[in-house]
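Below, read A as the first sequence line, B as the second, and so on, with proteins coming before strands; counting in each chain starts at 1.
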Amino acid sequence: MTVTDGPAVARALETSDKVASHLHPEGSFDVDAHPVPTGREEIWRFTPLKRLHGLHTDDATAPLGTGTTEVDVRVAPGVRVETVSADDPVRGSSGYVPTDRVSARAWAAVDKATVVTLPGDRVVDEATVLTLRGTSMDSASAGHVVVVAEPHSKGTVVLRFEGSAVLADHVEAVVGAGAQLTLVSVQDWADDAVHHTTQHAQVGRDASLRHVAVSFGGDVVRMSTSVAYDGPGGQVEMMGLYFADAGQHLEHRLFVDHNEPRTRSHVDYKGALQGQGAHAVWIGDVLIRKVAEGIETYESNRNLVLTDGCQADSVPNLEIETGEIEGAGHASTTGRFDDEQLFYLQSRGIHEDEARRLVVHGFFADIIRRIGVPVIEEHLLETLETELEKNV
Amino acid sequence: MATLEIRDLHVTVDTGSQGEGPKEILKGVDLTIDGGQTHAIMGPNGSGKSTLAYSIAGHPKYTVTRGSVTLDGADVLAMKVDERARAGLFLAMQYPVEVPGVSVSNFLRTAKTAIDGDAPKLRTWVKDVGSAMERMKMDPAFAQRSVNEGFSGGEKKRHEILQLELLDPKVAVLDETDSGLDIDALKIVSEGVNRFREKGDRGVLLITHYTRILRYITPDFVHVFVDGRIAEEGGPELAERLEAEGYDRFLRANA
Ligand SMILES: Nc1ncnc2c1ncn2[C@@H]1O[C@H](COP(=O)(O)OP(=O)(O)OP(=O)(O)O)[C@@H](O)[C@H]1O
Ligand SMILES: [Mg+2]
């Protein structure tokens, strides 16, 4: 069974240069500018608010910022990692402004931020890895990381999230002119963790960003990733890979703001679901502004449903305000596990569980290969193996 | 000696969403294939040839309602799909399935390991695969491609026979391996099947719609399959008669 959703293309009538997308209202740093969500709002309708441990409210029993997390940093040679105070101007330098209540709360709650700087005109082969380990579900934490890829730098930054925590955080990336940044965020949480993460990148002139999201663990992961450009010629590749098990809610919300001409974006997310109550949500919003002539965009989300009782919501949205584009398209499919593939492999003597493993590996293979960060690839293959052993 | 024995086989197909319930396709098939023999099954479209092939292999869509299938006395119908293959059965499919992201080389190695019970020696295996691909006139680049994905019809069939050579079963069921092949590909595929036969004590059930392939693979027995059962049996000369007369005679008798 394959369901392919038709394109939902909205063409705005406004002709002014600065049209606020109806999907993305102007943000605000003021927490109270974002009412406590009820679950009926467009941006909250898929999220199980009850399981957010009060992140979206102002629950006084769990104020943000008092939680306990441990951070381990492995810095690649030449890369700078430092801690700055919350009022350092580097925060917000990506141009991000909170667009939901949890984000605004997290922004206000942090007392310090971690800044990772890739030096300009330099290629750093080794990845810089920040591992955040949650140690308790009793209180909630806020976090903030800013990755600054100076002009014409090239490098990789990996964020890993492990353990048990209630975390609301921001990751900003400022990709300077001509820089090439690979930013990987691995949500490898324990079963009970709750993670609301907002990641925003500003991509400079002729710069390129590869953003990789990997979500395996956690009770609820809600990840909003957005990019905007700071000059023409920028390129963005956003890849995602997730595996939702019984009872897990994994939500990935993407927004590409084509606000500069001749920019490109390619979004490709793949996920597998297995077990009762496994829920995956993918929202892919692309806005092509009037100035953004000659851009190219493609977004795709594919879900592989392995068992009954899973739900995959996949909503691509393309909003076009200019007629002068090179190409724009999207695809969204949700398919059942293919019994014919299974039969074919088994008819060659391959055991059923091994055959399933092959098919799932095959489904993810192209994306894993394209990530291009060896340590991540190995880890992914291992994790995939563990996920498959759970109940396939 | 390898023997595949099919007795009074009745099979229904799950009609699925059409909601007609199970529909009987095979209506009592009797057939014995001994090692060293090649049996051709010929019959018109829709007569149930693929159903017979799939039922032997254990496709979940088909349900056996009566009869038996044994391989060297072992109850094939009690085995799972993969167990049947490990017992020595092989099905070359009429429409081989695409498996995206799984490379041919990984697939072949995994299958060989499953059939033999342990992994083949890397050195000799790579060589075996290489020379088998060469014999099937398959470009070495196919080893890195996803199983059947984007293969032409002819390439898929050659890939099936490549597997036949490498997995070396006791009995092979070839479902219209000849259809969609040009004359060069037909010869390559036939030579592959003949090499398999020459290994000795191997049984072949060759399902075909046309007599074309029988010029290259001479059967010992020909069975005419009509409306879910064998309507007539004979030697290779029966194929020649069918070539001249077509299936009309049987279809009329059936109507
Ligand atoms: N899912 C199904 N629902 C209903 N009828 C089915 C289904 N699958 C197969 N059949 C019917 O079973 C009969 C036998 O099909 P089968 O594929 O075995 O024929 P065949 O002899 O292999 O034909 P061909 O020469 O075209 O390959 C056909 O009439 C077909 O329509
Ligand atoms: Mg058929």
Side-chain angles (χ1 to χ4, degrees), chain A residues 1-4 239-241 243 268-272 300-308 331 333-371 377 380-381 384-385 387-388 392, chain B residues 14 16-17 53-62 79-104 106-117 144-149 156 159-160 162-164 166-169 172-173 175:
Chain A
M1 181 191 74
T2 299
V3 185
T4 308
M239 288 175 273
L241 196 155
F243 204 121
D268 193 359
Y269 271 61
K270 278 189 169 183
S300 157
N301 174 227
R302 293 180 202 287
N303 288 296
L304 180 62
V305 179
L306 299 177
T307 65
D308 289 336
T333 61
T334 297
R336 296 281 315 190
F337 197 86
D338 189 338
D339 291 334
E340 294 297 327
Q341 292 180 358
L342 210 56
F343 172 72
Y344 187 74
L345 296 173
Q346 282 183 270
S347 77
R348 271 41 176 163
I350 300 170
H351 292 84
E352 181 174 353
D353 50 354
E354 175 82 10
R356 281 180 172 273
R357 205 171 292 148
L358 275 176
V359 171
V360 176
H361 272 293
F363 174 73
F364 285 122
D366 60 332
I367 241 169
I368 293 181
R369 217 174 295 131
R370 276 190 5 243
I371 289 175
E377 283 175 37
L380 273 180
L381 291 170
L384 208 53
E385 210 56 52
E387 290 288 337
L388 282 166
V392 165
Chain B
D14 175 14
S17 51
Y54 277 131
S55 303
I56 295 169
H59 194 289
K61 207 171 78 176
Y62 303 91
M79 301 178 198
K80 289 188 198 154
V81 177
D82 47 308
E83 289 168 345
R84 297 180 192 204
R86 292 199 297 276
L89 289 172
F90 179 86
L91 168 62
M93 291 185 205
Q94 186 174 2
Y95 304 108
V97 181
E98 302 188 0
V99 192
V102 177
S103 72
V104 166
N106 186 14
F107 165 63
L108 293 175
R109 191 167 12 85
T110 308
K112 184 67 177 171
T113 305
I115 298 267
D116 287 3
Q144 298 319 314
R145 288 176 60 177
S146 291
V147 171
N148 294 322
E149 197 180 37
K156 283 181 182 165
H159 180 225
E160 295 292 283
L162 175 76
Q163 295 168 53
L164 171 70
L166 291 169
L167 301 181
D168 192 22
V173 180
D175 190 3

A.B. asks: Quick one: pull up CZ in B:Phe107 and CG in A:Leu345 and give me the separation to the nearest 0.5 Å.
C.D. replies: 6.0 Å
A.B. asks: With distance as the sole test, does A:Gln341 use its side chain to make a donor-acceptor pair with the main-chain N or O of B:Glu98 at under 3.5 Å?
C.D. replies: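 Between the backbone of B:Glu98 and the side chain of A:Gln341 there is a qualifying donor-acceptor contact (under 3.5 Å).
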A.B. asks: Stepwise, does the side-chain contact (heavy atoms from CB on, under 4.5 Å) test hold for B:Val102 with A:Val359?
C.D. replies: CA-CA 7 Å; B:Val102 177; A:Val359 171; 5.8 Å; no
A.B. asks: How long is the straight-line distance from NZ of B:Lys112 back to CD1 of A:Ile350, given to the nearest 0.5 Å?
C.D. replies: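 Atom-to-atom, A:Ile350:CD1 and B:Lys112:NZ are 13.0 Å apart.
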A.B. asks: Of the non-hydrogen atoms in B:Thr110 and A:Glu354, which two are nearest, and what is the gap between them?
C.D. replies: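 Taking B:Thr110 first and A:Glu354 second, the nearest heavy atoms are CG2-OE2, 3.5 Å.
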A.B. asks: Let me know if B:Pro96 has heavy atoms under 4.5 Å from chain A in its side chain, its backbone, both or neither.
C.D. replies: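 The answer is both parts of B:Pro96.
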A.B. asks: Inspect the contact between B:Lys61 and A:Glu340 and indicate whether a charged nitrogen and a carboxylate oxygen are less than 4.0 angstrom apart.
C.D. replies: no
A.B. asks: List the atom of A:Phe343, the atom of B:Ala57, and the distance in Å for their closest heavy-atom pair.
C.D. replies: CZ-CB, 3.9 Å
A.B. asks: Hey, is the main chain of A:Gly349 close enough, under 3.5 Å, to the side chain of B:Arg84 for a donor-acceptor pair?
C.D. replies: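 No, B:Arg84 side chain to A:Gly349 backbone: no donor-acceptor pair under 3.5 Å.
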A.B. asks: Would you compute the distance between atom NZ of B:Lys80 and atom OG of A:Ser347 and round it to the nearest 0.5 angstrom?
C.D. replies: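 Those atoms lie 15.5 Å apart.
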A.B. asks: If you take all heavy atoms of B:Ala85 and A:Arg348, which pair is closest and at what distance?
C.D. replies: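 Closest approach of B:Ala85 to A:Arg348: CB-C, 3.9 Å.
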A.B. asks: Does the separation of the ring centres of A:Tyr344 and B:Tyr95 fall below 6.0 angstrom?
C.D. replies: no
A.B. asks: What's the verdict on side-chain contact (heavy atoms from CB on, under 4.5 Å) for A:His351 and B:Glu83, showing C-alpha distance, side-chain angles and the deciding distance?
C.D. replies: CA-CA 8 Å; A:His351 292 84; B:Glu83 289 168 345; over 6 Å; no
